[in-house]
Amino acid sequence: MEMESERKTERARKRKRDDVTGSFNQWLHQGNVIIAHVVLALARLDQVKFNLPYPMFCGVLIYHNRDYWQEKKELDEDRHRSGPILRSSASSDGQKIKNKNMVDIAEAEQLLRQGLGRRGMRRPDTSPGRVAKNGSTHDISTGAGDVLSEGIQGYERLTQSPGLQRLKLFLNMTLSPILLIAFVPNLVIFIWFTAIHCNGSYLTMVSKLFSQRSILTGLADMWRVVNTPSAPIIYILTGYGLYALVMMRLLPGKMVKGPVTPKGNIPVYKDNGFVYYLLTLALFWGLTYALRPYGYTPSIIYDRFDEVLFALNAFSLVFCLFLYLKGLFAPSSTDSGSSGNMIFDYYWGTELYPRILGFDVKLFTNCRFGMMGWALLVCVHAVKSYEMHGFVDSMFVSVALQLIYITKFFWWEAGYMSTIDIMVDRAGFYICWGCLVYIPGLYTSPSFYLVSQPVLLGLPVASMLLVTGILAIWINYEADMQKQMVRGSNGACQVWGRKPELIRARYTLENGQEKESLLLASGWWGMARHFHYVPEITLALCWSLPALFHNILPYSYVIFLVILLVHRTFRDDEKCARKYGTYWDQYCQKVPHKMVPYLF
Ligand code: NDP
């Protein structure tokens, strides 16, 4: 009997030991496999012709991994010395340690972003015998032979090792930004090149550009086909930009307050986006109609879209440099500062709410130029398609849904000022380049594709897509409005005909001031913590599906959106957990799923 119970204990011990070492090995293995796959894929694309960048890339990774391998070696030695490692009843502690480590890294990144630099970072306490528990450090050593504490210490030292943290910071703050800044300007050109020169097929594009030659040669060949901006394109883009600025100032609108910033500032905006949107669309269609007899057509923008993308790319890259320097030397508010890492500062921005001559930069780049540009471009696609093929129902569905979505956006523009793009993301390459180039280049890709690859859907399919898309737009809008309404009325409103379920969450600003926010835990916000992303993805699918399934290109935007929004659910949860602490935990307990009820 006794022997049986001993055997059981031994088996349980072994299972737990395997759990710790297994999950570590798995993590390690996955990391290496991903790196190996990236390198192999690049090498294959390159037909192994390449010489310098990949060994350099691998060298950099190995160099930054060096502390990590040293830590692992020490841990292995510890393991041999101390025997089996148990997580035992403290498995939840192990989880907490891991979570705390995640928060520490996030905190470190946050501090860097807030301009405290590396010196301002709090290093986790990794001194022997101390582990994190319930968010604090306390001694858990219970004397010699306590394999549990040794195991936890080893695990903690591994996950919190300075080497691993440095590696994470290097990946997040230097390598990823460099790769993104170098790669994404090419991405919009890939889309244009594929649609115009490869019948919308990415496979044809890859074989045309990269088969039997190096990546760099392929890229150079692609850029050779791109024309530099001609005078008409420069005039049109400059005129459009100036028009947007003038209208920001001149059009009537009441002044609205944005959310309070981490430094305690409250930015104020002129809420005239919807009037601007209606006026601009009216001008577009009016001029299109009036100038047609004289041979002028807006489809020049479609015909010379390579020039447009070239000009936008060049302008945005320089503009982001200007914003970077402005944030360092002439910031508009105290919500600014450097992380100490030039590359990250350029990528992420140095100011939250930069203003130039009283013009709010993000309001201009995100809304008045980017989102309005999206609406104008899909109208251009509709005109071009009509000129080439007459009425095509797939183009109609795609353009109609995009326009309804953008109309909703401008109707709710004041609410947009309380979203992550504005509250969290600084004005740098990430958001400003994204809105100035990515929106025109990627977001419009479904209707851009349909110009050269028209599809006839028939009434039933067209109506089904239209109705589903409109429903998704409505749900997305209602979810955004529920949050805005609850906060605007301090909870004195109804959500789905009932009193809203609320969590009154307290938090502290950087200047020590205490504040309170409402977290809505019913309505769409009671289904999942970011349920509104589901209709956002659905509606994007509805305006891509009219292209049917011949090519992947019209789904580029949806694929990008899924990645962006899933990543955002993690980013926002992390931000809110840091801001609201236990109040956020309460919300997570009440609404356990991130995005899709019962699934994710
Ligand atoms: P949210 O609108 O979800 O804003 C997130 C913020 O809302 C949180 O940081 C928090 O801010 C607050 N919040 C979180 N949970 C609650 C709650 N339960 N009750 C009240 N407030 C809460 O995120 P996004 O900015 O990502 O999205 C805004 C809109 O833009 C959505 O419609 C989205 O679909 C759309 N979108 C579109 C994209 C595109 O490319 N097409 C990309 C991203 C978004 P606080 O600090 O104030 O508490």
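Just so you know, residue 1 is the first one in the sequence shown, and it goes up from there. One-based numbering, in listed order, for ligands and for the atoms of each.
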Next item on the list: Please check if any side-chain donor atom of Q484 sits under 3.5 Å from a side-chain acceptor atom of W412, or the reverse.
Entry: yes

Margin query: Checking S339 against D345: is there a side-chain donor and acceptor pair closer than 3.5 Å?
Written below: yes

Next item on the list: Kindly write out the residues that satisfy salt bridge (charged side-chain N to carboxylate O under 4.0 Å, His left out) with E514, not counting sequence neighbours, or none if the list is empty.
Entry: R506

Next item on the list: Taking atom types as modelled, find out whether N476 and K408 have a side-chain donor-acceptor pair closer than 3.5 angstrom.
Entry: yes

Next item on the list: Please determine, by modelled atom types, if Y449 and N551 share a side-chain donor-acceptor pair under 3.5 angstrom.
Entry: yes

Checklist line | Donor-acceptor pair between R368 and N272 side chains, under 3.5 angstrom | finding: yes

Notebook entry, point to check: Any idea which residues sit under 4.0 Å from ligand 1, heavy-atom distances?
Noted result: Y405, W412, T419, I420, M423, Y443, N476, D480, K483, R487, L518, L519, L520, W525, H532, Y533, E536, Y557, L561, L564, L565, R568, D572, K575, C576, K579, Y580, W584, Y587

